[in-house]
Amino acid sequence: MLLYVVLVESALELVPQQLWGERCVLSSAKNKGKHPSQILLDRSLHHTAMLKLKDGLRRGRPDLVHQAVLTVTGTPAYLRGEVKLYIHTYTNLVIEVVEGTRLPKSYFRFQGLMEKVLSGQEEEKLIRVEKIGFKELIDRIGAETVIGFSRRGVLMKPEEWVSKYVREKSVLAIGGFPRGGFSQEVLKRLHAVVSIHEMPLESHVVLARVIYDYERFRRQISPL
Ligand SMILES: C[S@@+](CC[C@H](N)C(=O)[O-])C[C@H]1O[C@@H](n2cnc3c(N)ncnc32)[C@H](O)[C@@H]1O
């Protein structure tokens with residue numbers, strides 16, 4: 001039994017070409033001694049420039065992705081090899097985190113690693129990047145169920161969604177973006193959309209809770 005956790009449409013990308021000439025982008029690239037194409041889009045640095053960007057409010061939050069990744073990779077289920085993590089991005093890249101890999105806890109180091117990996121400067125053995133969309137990823141995994149989590153889904157208790165939807169091979173899809181809901185492209189691939197609380201929650205909080213729910217379910221069906 002393996003659980004696939006996919007951070008969907010994550011706000012993690014290199015600065016798009018449209019913004020390379022913007023003053024705030026040029027200055028942050030210069031501070032790092034890099035070309036604008038080699039740095040992460042980051043709302044805390046590029047807010048003004050991002051106002052010109054399509055879907056600007058959903059993009060440029062690598063800090064959220066970092067928090068989410070640390071939450072997943074710190075769970076007992078991940079440490080036992082029962083969870084596989086993928087980061088699907090807004091620009092339709094999929095970052096595969098090889099089983100057992102712990103990514104940097106320091107945000108500064110995470111940022112540096114992602115900049116290298118996304119700009120293809122470094123061949124990383126523990127992280128693989130591919131230009132594929134959510135549909136292709138789901139097809140490749142060949143999961144029996146794809147469970148999306150959203151405040152706008154059907155409010156369900158932990159034991160309810162887990163027993164109803166979790167199978168030998170299931171995908172949990174959680175948004176890696178700061179605002180809004182899943183795109184139609186993603187919604188089409190979900191077998192169910194579950195809400196775990198009436199309040200809108202941060203991705204890392206949702207991840208910690210749903211992985212814990214899964215762990216409890218797993219222990220029930222195969223006690224240690
Ligand atoms: C910061 S939220 C994204 C934007 C939005 N505020 C929302 O309510 O969905 C990050 C992700 O956490 C998940 N999420 C947030 N609140 C949730 C809830 N109450 N139940 C289930 N999933 C939730 C969704 O997958 C969402 O895309």
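Since this is a predicted model, take the numbers as computed values, not measurements. First listed ligand is number 1; within each ligand, the first listed atom is number 1.
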Donor on one side chain, acceptor on other, Thr89 and Ser10, under 3.5 Å | no
Does Ser150 reach ligand 1, in the sense of a heavy atom lying below 4.0 Å from it?
-> yes
If you have a sec, work out which protein heavy atom is nearest atom 14 (N) of ligand 1 and how many Å separate them, to one decimal?
-> Val206 CG2, 3.5 Å
Fit a plane to each ring of Tyr86 and Tyr4, take the angle between them on a 0 to 90° scale, and name the class: parallel (under 30°), tilted (30 to 60°) or perpendicular (over 60°).
-> parallel
Could you list which atoms of ligand 1 come closer than 4.0 Å to a heavy atom of Ser203?
-> 10 (C), 11 (C), 12 (O)
Lys135 vs Glu185, salt bridge (charged side-chain N to carboxylate O under 4.0 Å, His left out): CA-CA, chis, key distance, verdict | CA-CA 8 Å; Lys135 178 191 180 302; Glu185 206 36 52; over 6 Å; no
Mark up the atoms of ligand 1 that fall under 4.0 Å of a heavy atom belonging to Ile196, in ascending order.
-> 20 (N), 21 (C)
Option whose closest heavy atom lies nearest to atom 15 (C) of ligand 1, chosen from Val193, Leu201, Ile174 | Leu201
When you check the side-chain N and O atoms of Ser37 and Gln17, is any donor under 3.5 Å from an acceptor?
-> no
Under a single-linkage definition using a 4.5 Å side-chain heavy-atom cutoff for Ile, Leu, Val, Met, Phe, Trp and Tyr, are Ile132 and Phe182 assigned to the same hydrophobic cluster?
-> yes
In ligand 1, the atoms that come under 4.0 Å of a heavy atom of Val194 are 21 (C)
Select the closest option to atom 7 (C) of ligand 1 among Gly175, Pro178, Gly180, judged by heavy-atom distance.
-> Gly180
For Glu115 and Gln38, what are the C-alpha separation, side-chain angles and deciding distance, and is it a side-chain contact (heavy atoms from CB on, under 4.5 Å)?
-> CA-CA 6 Å; Glu115 285 176 348; Gln38 296 172 330; 5.9 Å; no
